[in-house]
A.B. asks: 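So that we are looking at the same thing, I have put the structure below in structure tokens.
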Amino acid sequence: MDIDKTASSYNKGALWILCTLTALGLLAAQVSGKMILLSSFIVSTVFHLLCSVAYGQAWKAIARQSPETLPKLYLASSAFRLIAAAVVMLVWCFFNRRDLESIRWFAAVFIVYYVVMLGFDAIFFAKVSKNSNK
């Protein structure tokens, strides 16, 4: 298994998915006239981009040093992402506590990004694990 190639492939896939989600979301916001969504897309994109880059780098480092601990990385990174996402949502709710519509839209957008990226991570690394076991 080529670790650098796999990490690069993961980063490209995550970036493509994030760009696609953001472009589609911004298009939908423009067409519907809900420009309140703009900050939701920015925060969601930046958060998930940072998480994906960190996850890719952590995976590459652990795959090189001790590949037998990769299942622990998958579990720990999912837990960390869940906690970080909860913190981001709570901070958003705190700063926008007077605007319930903004909170609802942010939560909807953020959850869509979260579920899509979680699915991408699961599918991508399941394929990587399957291919490395052959």
Side-chain angles (χ1 to χ4, degrees):
M1 170 174 65
D2 185 8
I3 293 171
D4 289 326
K5 183 178 176 184
T6 302
S8 177
S9 179
Y10 171 77
N11 288 331
K12 287 177 190 175
L15 186 60
W16 272 106
I17 288 173
L18 288 172
C19 288
T20 302
L21 279 174
T22 304
L24 290 174
L26 290 175
L27 179 65
Q30 183 70 27
V31 168
S32 69
K34 293 207 179 282
M35 293 315 291
I36 192 172
L37 296 173
L38 183 61
S39 55
S40 300
F41 288 116
I42 292 170
V43 170
S44 297
T45 302
V46 169
F47 173 80
H48 290 288
L49 182 62
L50 292 174
C51 283
S52 295
V53 168
Y55 191 28
Q57 293 300 318
W59 181 87
K60 187 162 70 169
I62 291 178
R64 281 193 178 130
Q65 294 175 355
S66 59
E68 66 277 354
T69 61
L70 281 174
K72 291 179 185 176
L73 170 70
Y74 301 144
L75 179 62
S77 64
S78 293
F80 177 76
R81 185 180 296 206
L82 178 65
I83 293 168
V87 167
V88 168
M89 288 187 74
L90 286 173
V91 167
W92 180 273
C93 290
F94 177 76
F95 284 111
N96 294 294
R97 61 183 171 266
R98 304 224 187 274
D99 188 4
L100 291 178
E101 183 182 7
S102 173
I103 292 172
R104 286 185 193 118
W105 280 111
F106 176 76
V109 168
F110 196 79
I111 289 169
V112 167
Y113 272 77
Y114 184 86
V115 169
V116 169
M117 292 308 295
L118 190 65
F120 169 70
D121 289 347
I123 291 168
F124 184 87
F125 288 111
K127 287 181 181 179
V128 168
S129 295
K130 181 181 172 185
N131 291 339
S132 68
N133 288 336
K134 286 184 178 181

A.B. asks: Which atom pair, heavy atoms only, marks the closest approach of Ser102 to Asn96?
C.D. replies: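 Scanning both residues completely, I find the closest heavy atoms to be OG-CG, 4.2 Å.
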
A.B. asks: Can you list the residues that meet the side chain to side chain contact (heavy atoms under 4.5 Å, CB included) rule with Leu27, with sequence neighbours excluded?
C.D. replies: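 Leu27 satisfies side chain to side chain contact (heavy atoms under 4.5 Å, CB included) with Val31 once adjacent residues are dropped.
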
A.B. asks: Could you tell me which residues satisfy ring pair (Phe, Tyr, Trp, His ring centres under 6.0 Å) with Trp105, sequence neighbours excluded, listed by chain and number?
C.D. replies: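 None.
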
A.B. asks: Which distance, rounded to the nearest 0.5 Å, do you find between the CG of Asp99 and the SG of Cys93?
C.D. replies: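 Output value for this atom pair is 11.0 Å.
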
A.B. asks: Which heavy atom of Pro71 sits nearest a heavy atom of Pro67, and at what distance?
C.D. replies: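 For Pro71 and Pro67, the tightest heavy-atom pair comes out as CD-O, 4.4 Å.
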
A.B. asks: List for me each residue that meets side chain to side chain contact (heavy atoms under 4.5 Å, CB included) alongside Leu15, sequence neighbours excluded, and say none if there are none.
C.D. replies: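 For Leu15 the side chain to side chain contact (heavy atoms under 4.5 Å, CB included) partners, ignoring immediate neighbours, are Cys19, Leu49.
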
A.B. asks: Are Val43 and Leu100 co-members of a hydrophobic cluster defined by side-chain heavy atoms under 4.5 Å apart?
C.D. replies: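 Leu100 clusters together with Val43.
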
A.B. asks: Is it true that Ile3 and Val53 fall in one hydrophobic cluster, defined by side-chain heavy atoms closer than 4.5 Å?
C.D. replies: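 Yes, one cluster joins them.
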
A.B. asks: Measure the shortest side-chain to side-chain distance between Leu18 and Met117 over non-hydrogen atoms and say whether it is less than 4.5 angstrom.
C.D. replies: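 Of all side-chain heavy-atom pairs linking Met117 with Leu18, at least one is under 4.5 Å.
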
A.B. asks: Applying the 4.5 Å side-chain criterion to the ILVMFWY set and letting contacts propagate, would Val109 and Leu38 be lumped into a single cluster?
C.D. replies: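 Linked within one cluster.
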
A.B. asks: Under the rule for side-chain hydrogen bond (donor to acceptor under 3.5 Å, both in side chains), what residues qualify as partners of Thr22, not counting sequence neighbours?
C.D. replies: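 Checked Thr22 against side-chain hydrogen bond (donor to acceptor under 3.5 Å, both in side chains); matches are Thr45, Tyr113.
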
A.B. asks: Does any pair with a residue in residues 29-39 pass side-chain hydrogen bond (donor to acceptor under 3.5 Å, both in side chains), and if so which ones, sequence neighbours excluded?
C.D. replies: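 Of all non-adjacent pairs touching residues 29-39, none passes side-chain hydrogen bond (donor to acceptor under 3.5 Å, both in side chains).
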
A.B. asks: Ile123: which residues meet the side chain to side chain contact (heavy atoms under 4.5 Å, CB included) condition with it, sequence neighbours left out?
C.D. replies: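 For Ile123 the side chain to side chain contact (heavy atoms under 4.5 Å, CB included) partners, ignoring immediate neighbours, are Lys127.
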
A.B. asks: Scan residues 63-81 for pairs that pass salt bridge (charged side-chain N to carboxylate O under 4.0 Å, His left out), counting only residues two or more places apart or in two chains.
C.D. replies: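 The answer is Asp4-Arg64, Arg81-Asp121.
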
A.B. asks: For residues 83-91, which side-chain N or O atoms pair as donor and acceptor with protein atoms under 3.5 Å away, sequence neighbours left out?
C.D. replies:
none

A.B. asks: Is there a side-chain contact between Met35 and Leu37 (heavy atoms, below 4.5 Å)?
C.D. replies: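 Side chain of Met35 against side chain of Leu37, heavy atoms only: no contact under 4.5 Å found.
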
A.B. asks: When Phe106 is tested against each of Phe41, Trp92, Phe95 for ring pair (Phe, Tyr, Trp, His ring centres under 6.0 Å), which residue passes?
C.D. replies: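 Running ring pair (Phe, Tyr, Trp, His ring centres under 6.0 Å) over Phe41, Trp92, Phe95 with Phe106 returns exactly one hit, Trp92.
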
A.B. asks: Run the side chain to side chain contact (heavy atoms under 4.5 Å, CB included) test against Ser9 and tell me which residues pass, sequence neighbours left out.
C.D. replies: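 Testing Ser9 for side chain to side chain contact (heavy atoms under 4.5 Å, CB included), a comparison that skips the adjacent residues, returns Phe124.
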
A.B. asks: Got a sec, which residues hit ring pair (Phe, Tyr, Trp, His ring centres under 6.0 Å) with Tyr114, two or more places apart in sequence or on another chain?
C.D. replies: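 Ring pair (Phe, Tyr, Trp, His ring centres under 6.0 Å) list for Tyr114, sorted by chain: empty.
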
A.B. asks: Return the minimal non-hydrogen interatomic distance between Ala63 and Leu70, and the atom names on each side.
C.D. replies: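 Smallest interatomic distance, heavy atoms only, reads N-CD2, 4.1 Å.
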
A.B. asks: Decide whether Leu26 and Val112 are clustered together by the hydrophobic rule: side chain heavy atoms of Ile, Leu, Val, Met, Phe, Trp, Tyr closer than 4.5 Å, transitively.
C.D. replies: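 They do share one cluster, since a chain of ILVMFWY contacts under 4.5 Å joins Leu26 to Val112.
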
A.B. asks: Could you state whether Ile42 and Val116 fall into the same hydrophobic cluster, counting links through intermediate Ile, Leu, Val, Met, Phe, Trp or Tyr residues with side-chain heavy atoms under 4.5 angstrom apart?
C.D. replies: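 Linked within one cluster.
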
A.B. asks: Quick check for you: to the nearest 0.5 Å, what is the distance between Ile17 atom CD1 and Lys12 atom NZ?
C.D. replies: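 Output value for this atom pair is 14.5 Å.
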
A.B. asks: Would you indicate whether the side-chain heavy atoms of Ser52 and Phe120 approach each other to under 4.5 Å?
C.D. replies: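 The answer is no; the side chains never approach within 4.5 Å.
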
A.B. asks: List in chain and number order the residues that pass ring pair (Phe, Tyr, Trp, His ring centres under 6.0 Å) with Phe125, two or more places apart in sequence or in another chain; answer none if no residue qualifies.
C.D. replies: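 Partners of Phe125 by the ring pair (Phe, Tyr, Trp, His ring centres under 6.0 Å) criterion, ordered by chain and then number, come out as Tyr10, Tyr55, Trp59, Tyr74.
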
A.B. asks: Which residue pairs satisfy the salt bridge (charged side-chain N to carboxylate O under 4.0 Å, His left out) criterion with at least one member in residues 103-119, sequence neighbours excluded?
C.D. replies: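 Applying salt bridge (charged side-chain N to carboxylate O under 4.0 Å, His left out) to every pair that reaches into residues 103-119, excluding sequence neighbours, yields nothing.
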
A.B. asks: Mind listing the closest non-hydrogen atom pair of Gly56 and Asn11 along with its distance?
C.D. replies: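 For Gly56 versus Asn11, the nearest heavy atoms are CA-OD1, 4.3 Å.
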
